[in-house]
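Heads up, the thing below is written out as structure tokens.
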Amino acid sequence: QKEVEQNSGPLSVPEGAIASLNCTYSDRGSQSFFWYRQYSGKSPELIMSIYSNGDKEDGRFTAQLNKASQYVSLLIRDSQPSDSATYLCAVTRSGGSYIPTFGRGTSLIVHP
Amino acid sequence: GAVVSQHPSWVICKSGTSVKIECRSLDFQATTMFWYRQFPKQSLMLMATSNEGSKATYEQGVEKDKFLINHASLTLSTLTVTSAHPEDSSFYICSARGSSGDFYNEQFFGPGTRLTVL
């Protein structure tokens, strides 16, 4: 069974710090990796997608992928209170027939 | 990112009635759409995968006769909750996966529909 594991948290960081969110997955055939942000009572919002080993940066967000270790992470620099949300990791094989597997999410709290 | 709309955003209905929820990809084509349900403070639960022009694939434990899914075009999927009961009250969220272009393979969520069955 394909699994995606995330620490449920909450992860608490002070405003301005770097928040580091981690995700491991079990399916070695995974090729596509996504990070979503979900505010309480709202639907998930896609933040980043990453397909190759290494780092991918977008503004304050950096996704890191290590396929050999089956590990993907999301770094949030200069964390703001508005970043407080649940962050979901999703993993899938590429192709129309594959269903993404979501982790249960990590709750992030950024305190002033 | 791409936009997925969902209608209605909230609905209250009486027990025994049916409710239809629409999910549209507004600026991209989606061969595949997904329907999720989420209870308060719980994780997303995939209900079914909907492919344009074919029957939906339901996850184990999801009653296909109760949750009717139709994916009539590359931009529209509907979920009908038939004979709704209070235990069906939940947050229903659709998502659409881009089938080509800039949004290929990326999955975007609609804003969700909050269903309350009295």
Side-chain angles (χ1 to χ4, degrees), chain A residues 1-10 21 23 25 29-52 56 58-59 61 63 65 72 84-109, chain B residues 1-6 9-10 21 23 25 28-54 56-60 62 71 74 90-100 102-114:
Chain A
Q1 183 167 343
K2 305 183 180 80
E3 292 185 349
V4 176
E5 299 287 340
Q6 294 181 258
N7 188 318
S8 61
L21 304 161
C23 172
Y25 59 94
S30 300
Q31 297 166 294
S32 306
F33 306 86
F34 307 92
W35 282 100
Y36 290 84
R37 176 176 61 198
Q38 186 176 23
Y39 292 112
S40 180
K42 303 293 185 181
S43 66
E45 172 192 9
L46 180 64
I47 299 174
M48 296 276 289
S49 58
I50 185 167
Y51 302 95
S52 304
K56 179 181 178 182
D58 184 0
F61 300 99
L65 175 61
V72 57
S84 299
T86 296
Y87 289 80
L88 303 171
C89 170
V91 173
T92 187
R93 297 189 177 200
S94 291
S97 61
Y98 294 110
I99 300 171
T101 301
F102 280 81
R104 298 177 71 84
T106 297
S107 174
L108 172 67
I109 299 173
Chain B
V3 179
V4 176
S5 71
Q6 210 172 319
S9 55
W10 61 269
I21 303 170
C23 177
S25 56
F28 68 104
Q29 293 186 333
T31 305
T32 304
M33 291 186 175
F34 304 93
W35 286 96
Y36 294 85
R37 181 166 55 180
Q38 189 173 38
F39 293 105
K41 299 194 184 301
Q42 295 192 20
S43 57
L44 288 173
M45 188 194 84
L46 179 66
M47 298 176 67
T49 301
S50 166
N51 290 298
E52 186 265 338
S54 62
T57 302
Y58 291 82
E59 294 300 299
Q60 192 172 9
V62 178
H71 193 155
L74 287 173
S90 187
F91 190 40
Y92 291 85
I93 314 172
C94 74
S95 71
R97 181 163 64 194
S99 54
S100 63
D102 291 343
F103 303 129
Y104 174 73
N105 201 44
E106 299 199 339
Q107 185 178 352
F108 299 92
F109 285 84
T113 297
R114 197 161 300 281

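Heavy atoms only: backbone and side chains are in, while hydrogens, waters and symmetry mates are out. The chains referred to below are lettered A, B, ... by the order of the sequence lines, with proteins before strands, and numbering in each begins at 1.
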Heavy atoms only: give me the nearest [X]-[Y] pair and the separation to one decimal.
{"X": "B:P111", "Y": "A:S43", "answer": "CA-OG, 3.4 Å"}
{"X": "A:Y36", "Y": "B:Q107", "answer": "OH-O, 2.6 Å"}
{"X": "B:F109", "Y": "A:P44", "answer": "CB-O, 3.3 Å"}
{"X": "B:R114", "Y": "A:G41", "answer": "NH2-O, 3.2 Å"}

> Measuring from B:K41:NZ to A:T86:OG1, what's the distance to the nearest 0.5 Å?
Replying inline: 9.0 Å
> Looking at CG of B:N105 and OG1 of A:T92, how far apart are the two atoms once the value is rounded to the nearest 0.5 Å?
Replying inline: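 If I round to the nearest 0.5 Å, the distance is 6.5 Å.
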> Of the backbone (N, CA, C, O) and the side chain (C-beta and beyond), which part of B:Q38 lies under 4.5 Å from a heavy atom of chain A, both, or neither?
Replying inline: side chain
>> Does any backbone or side-chain atom of B:T49 lie under 4.5 Å from a heavy atom of chain A? Answer side chain, backbone, both or neither.
In response: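 The answer is the side chain of B:T49.
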>> Which residues pass the side chain to side chain contact (heavy atoms under 4.5 Å, CB included) test with A:K42, not counting sequence neighbours?
In response: A:Y39
> Taking only residues two or more places apart in sequence, or in another chain, which ones meet B:F91 in a ring-ring contact (aromatic ring centres under 6.0 Å, His included)?
Replying inline: none
>> Need one label for A:E45: side chain, backbone, both or neither, based on atoms under 4.5 Å from any heavy atom in chain B.
In response: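 No part of it gets close to chain B.
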